[in-house]
Amino acid sequence: MCGTSGAVIQILTELVRMTERYMDPKSMAEKDIQSLKALRHSAAHTLAQAVKKLYPSAQVGIGPATEEGFYYDFRYERPFTPEDLERIENEMKSLIRSSLPIVRKPVSRGEAEKLFREKNEPFKLELIQGIPEEAEITVYEQGEFVDLCRGPHVSSTGEIPAVRLLSTSSAYWKGMESNPSLQRIYGTAFHSEAELADYLRHQEEVQRRDHRKLGRELGLFRTLDEKGAGLVLWLPKGSQIRRTLEDLWKVLHDRHGYRYVYTPHIARLDLWMQSGHWDYYQDSMFRPMETEGTAYELKPMNCPFHILIFRESVQSYRDLPIRLSELGTVYRYERSGTLHGLMRVRGFTQDDAHIFCKPEDLSGEIRNVLALVDQMVGRFGFTDRTVYLSTRPEKSVGTDENWEMATGALRMALEESGISYEVDPGEGVFYGPKIDIKFHDAIGRAWQLSTIQVDFNLPEKFDLTYRNDSGESRRPIMIHRALFGSVERFFGILIEHYAGAFPLWLAPEQVRIMTIADRHIPYAQKVLSRMKDLGVRAEGDFRNEKIGFKVREAQMEKIPEMWVVGDREVEENRVSVRTREGEKKDLCPLESSLQDISVRCWPPEMVPRSNGS
RNA sequence: GCCGGCGUAGCACAGUGGUAGUGCAGUCGAUUCGUAAUCGACAGGUCGUCGGUUCAAUCCCGACCGCCGGCUCCA
């Protein structure tokens, strides 16, 4: 009854298909990627050619192909407007129509420098200086436009079948804040107009699902903005979803042997000096506050507290492993320009846990986490994932022996779990190797959610020990892990993944009971109170309005089921059910419908035991 | 933080150097109407904040706060 309708599935399948076509490089043949890249790179050159033609005093920066299109950076006396963009795009199309040959020319360093000095292109000259002595320098020429470039390109501007300029923004020269700020023009290009149209449709779909928009429309959350940028207010409906999610999280963690803890939001600054966070990350921490002459600090992480709990509760190897879990809210200073809805905030809740174990338990513990990740994240329909193993970075702490042992344990855990993975060499955290997991959402976008990190550093800093079976003092290994990463961000991802239409078990309001006329209210009240007794999140709409009006409102609120009662239902002790997807089931017997919903309204892992009835 | 854009009623948006409108939502009234909008009336805004220019600022200028698109960053 709550299944997704065929039409919706078809739309989703279509979306995933078109997303894969241009967003997932792995699904494309290497050859196709290269040819699309060359096409887009040539489109970038054509963009620069058009800009130079229309605005001769503009100076060019760099203009590469990207995952989704291309861009080119310019320095110009004023910002480009949307009208400029339109002009430029038209000029590009006219350049494409003239089918200018794109010609590769090797040049000497001297020639290159002379060329770009004459053209007054200081950024290009800077790039030439960065090219190693022995390397060959090439330029690509199309019409009157010449660009320093190593290629490859398509052979003529006529070979750019579909191009579109998308937006402008700013970017630093070479991405360095100390460098001048340039204007970046973004665009995209494809082998056909049809593919371009697919891309644009996908972009619209992304906008339609924007969690900030849906979050406001559905009354899920808001951010404090003027009262505190990057801080989240969970409105009642959003809070209900969070509660369901957290309840499920706790149940699954209990089953996997975790012990739930609570820790404070602030502590004396010394704690973060001891942990080393103050040294490493103080730029990302809120300023300390002083009380009675002592500096206190808002927590940017939960781990030091969990370490203190470990010290309280563990002495012997018999106590290990110990798994401490907490939905702990942390505060980190993020630069104002980086804040973004729920995705990037200054106060967020980590679905955190720290596992302290003996070295020989490491691999098994990781396996347990991997299984929990799939169970937990999979519950939301995220099944397609990519797993990365990150190894020792250049700047790191710990012995070679430890790094080898830990990296080997991660590898073994992955292999024993039958999980294929990619290695990210040197991408580990300074304190240990890690496994990162990205999941793909309903429209094919990849989100980094889970992370599992081994830590040699903190146990050392806090001098954590236990006694082994020979009575010797040993240092435990610590694992940091989060499945969602941040509850706030995960919620944002869920909103976009489901496009606001949460599955029945997660929906803040699961069923709305609506009456045809006032005389049906007593019966509807009875149905409503039965539902509430069964733990269903049901509400009644008994207003004196037409049924079409009530249905429309419920539909826009994305309530999974509408139970309609009128004369026929009252007479026969039945209900008529209409789903959000538009399916209708008239005159269902009340009792069996209630029994049915009382099971479906829970996450499968949490369906209460029936008491024999 | 930086570059650019933006900030008008709960939401979506108009608008003007002489203190503001539309739609939806809201409130009230009528309607009792079977699966995406019944009709009518009313009410609602120190036009983000502070300062400046001006006889007069929501409109022009500046600073600040916030939002949006990027850049940068992301333990």
Side-chain angles (χ1 to χ4, degrees), chain A residues 71 73 75-76 78-82 166-186 210 212-213 216-217 219 222-230 272 275-285 300-303 330 332-341 343-346 348 350 393 428-432 434 448 451 453 455 457-458 480 482 485-486 489 512 514-521 542-557 562-569 576-580 582-587:
Chain A
Y71 65 82
D73 289 343
R75 181 155 71 179
Y76 189 54
R78 61 166 178 85
F80 292 119
T81 63
L166 299 170
S167 62
T168 58
S169 74
S170 74
Y172 300 108
W173 170 239
K174 291 182 170 172
M176 306 251 294
E177 277 183 49
S178 47
N179 284 343
S181 183
L182 307 179
Q183 289 188 64
R184 178 167 295 179
I185 297 180
Y186 284 92
D210 189 315
R212 294 166 300 183
K213 181 167 141 27
R216 184 175 50 243
E217 287 171 2
R222 52 160 300 169
T223 43
L224 249 38
D225 296 350
E226 264 101 353
K227 303 279 183 253
W272 279 279
S275 69
H277 290 125
W278 183 250
D279 272 353
Y280 271 91
Y281 311 121
Q282 60 172 293
D283 286 348
S284 303
M285 291 164 71
M301 289 194 162
N302 301 304
C303 24
V330 298
R332 299 179 185 180
Y333 167 72
E334 300 279 1
R335 295 158 100 190
S336 56
T338 65
L339 302 173
H340 180 91
M343 302 298 184
R344 192 73 181 268
V345 290
R346 286 180 176 160
F348 62 95
Q350 292 182 306
V429 195
F430 74 90
Y431 49 70
K434 64 170 177 175
Q448 148 100 52
T451 185
Q453 307 177 350
D455 189 344
N457 183 47
L458 278 180
H480 307 253
S486 139
R489 176 166 170 275
R512 182 166 295 176
M514 38 189 81
T515 47
I516 298 289
D518 287 353
R519 62 182 175 280
H520 309 122
I521 292 176
F542 305 154
R543 292 174 301 173
N544 172 18
E545 296 287 355
K546 291 193 189 173
I547 196 67
F549 181 83
K550 297 182 184 183
V551 166
R552 178 169 192 272
E553 280 197 354
Q555 187 73 39
M556 292 200 307
E557 290 176 53
M562 298 157 226
W563 287 23
V564 178
V565 297
D567 290 336
R568 299 191 307 249
E569 287 78 9
S576 287
V577 177
R578 180 195 201 280
T579 71
R580 179 169 60 190
E583 288 167 49
K584 272 162 64 176
K585 272 195 170 181
D586 284 337
L587 299 171

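Convention: sequence-line order gives letters A, B, ...; per-chain numbering from 1. Side chains are part of it too, since the values below use all heavy atoms of this structure and drop only hydrogens, waters and symmetry mates.
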Main-chain N/O of A/Val429 paired to A/Gln453 side chain as donor or acceptor, under 3.5 Å = no
Contact class for A/Asp586 vs. all strands (heavy atom < 4.0 Å): base, sugar-phosphate, or nothing?
-> base
Whole-Å P distance, B/rG45 and B/rA36 = 36 Å
Are the side chain of A/Lys550 and the backbone of A/Arg543 linked by a donor-acceptor contact shorter than 3.5 Å?
-> yes
Assign A/Arg332 to base, sugar-phosphate, or nothing according to its heavy-atom contacts below 4.0 angstrom with the strands shown.
-> base
Tell me what A/Asp518 touches on the nucleic acid: a base, only sugar-phosphate, or nothing, going by heavy atoms under 4.0 Å.
-> base
P atom, B/rG29 versus B/rC13: distance in rounded Å?
-> 33 Å
Touch class at under 4.0 angstrom, heavy-atom based, for A/Ile516 against every strand present = base
Mapping A/Thr223 and A/Tyr431 onto RNA chain B by nearest heavy atom, which one lands closer to the 5' end?
-> A/Thr223
For nucleotides B/rU35 and B/rG40, find the distance between their P atoms and express it as a whole number of Å.
-> 23 Å
Range-with-range stems for RNA chain B, at least three Watson-Crick or G-U pairs under 3.5 Å | B:1-7 with B:65-71, B:10-13 with B:21-24, B:26-30 with B:38-42, B:48-52 with B:60-64
Check: A/Glu334 side chain, B/rG1 base, donor-acceptor under 3.5 Å | no
Return the nearest nucleotide to the side chain of A/Ser336; candidates are B/rC11, B/rG1, B/rG69.
-> B/rG1
How is A/Ser576 classified with respect to the nucleic acid when contacts are heavy atoms under 4.0 Å: base, sugar-phosphate, or nothing?
-> base
What string of B, S and - do you get for nucleotides 24-29 of chain B 5' to 3' if you count protein non-hydrogen atoms under 4.0 Å?
-> ------
Starting from the 5' end of RNA chain B, give me the residue, A/Met285 or A/Asp210, whose nearest nucleotide shows up first.
-> A/Asp210
For A/Glu217, enumerate each residue passing the side chain to side chain contact (heavy atoms under 4.5 Å, CB included) test, keeping only those at least two apart in sequence or located in another chain.
-> A/Lys213, A/Leu214
To the nearest angstrom, how far is A/Glu583 atom CD from B/rA36 atom P?
-> 14 Å
For A/Phe549, check ring pair (Phe, Tyr, Trp, His ring centres under 6.0 Å) against everything at least two apart and list the hits.
-> none
Can you figure out which of B/rA36, B/rU32, B/rG34 approaches the side chain of A/Val564 most closely?
-> B/rG34
Using a 4.0 Å cut-off on protein heavy atoms (strictly under), produce a 5'-to-3' string for nucleotides 43-50 of chain B with B for base contact, S for backbone-only sugar-phosphate contact, and - for none.
-> --------
I'd like a list of close polar pairs between nucleotides 70-72 of chain B and the protein, N/O only, cut-off under 3.5 Å.
residue: B/rG70; atom: O3'; partner: A/Tyr186; partner atom: OH; Å: 3.0
residue: B/rG70; atom: O2'; partner: A/Ser169; partner atom: OG; Å: 2.4
residue: B/rG70; atom: O2'; partner: A/Ser170; partner atom: O; Å: 3.3
residue: B/rG70; atom: O2'; partner: A/Tyr186; partner atom: OH; Å: 3.4
residue: B/rG70; atom: N2; partner: A/Ser170; partner atom: OG; Å: 2.8
residue: B/rC71; atom: O4'; partner: A/Ser170; partner atom: O; Å: 3.3
residue: B/rC71; atom: O2'; partner: A/Tyr172; partner atom: N; Å: 3.4
residue: B/rU72; atom: O2'; partner: A/Glu177; partner atom: OE2; Å: 3.1
residue: B/rU72; atom: O2; partner: A/Arg335; partner atom: NH1; Å: 3.1

Using the P atom as the reference point in each nucleotide, state the distance between B/rG5 and B/rC61 in Å, no decimals.
-> 12 Å
If you look at every strand shown and take non-hydrogen atoms under 4.0 Å, does A/Gln350 touch a base, only sugar-phosphate, or nothing?
-> nothing
Base, sugar-phosphate alone, or nothing: which one does A/Ser284 contact when heavy atoms must sit under 4.0 Å apart?
-> base
Tell me which nucleotide among B/rG66, B/rU32, B/rU35 gets nearest to the side chain of A/Ala517.
-> B/rU32
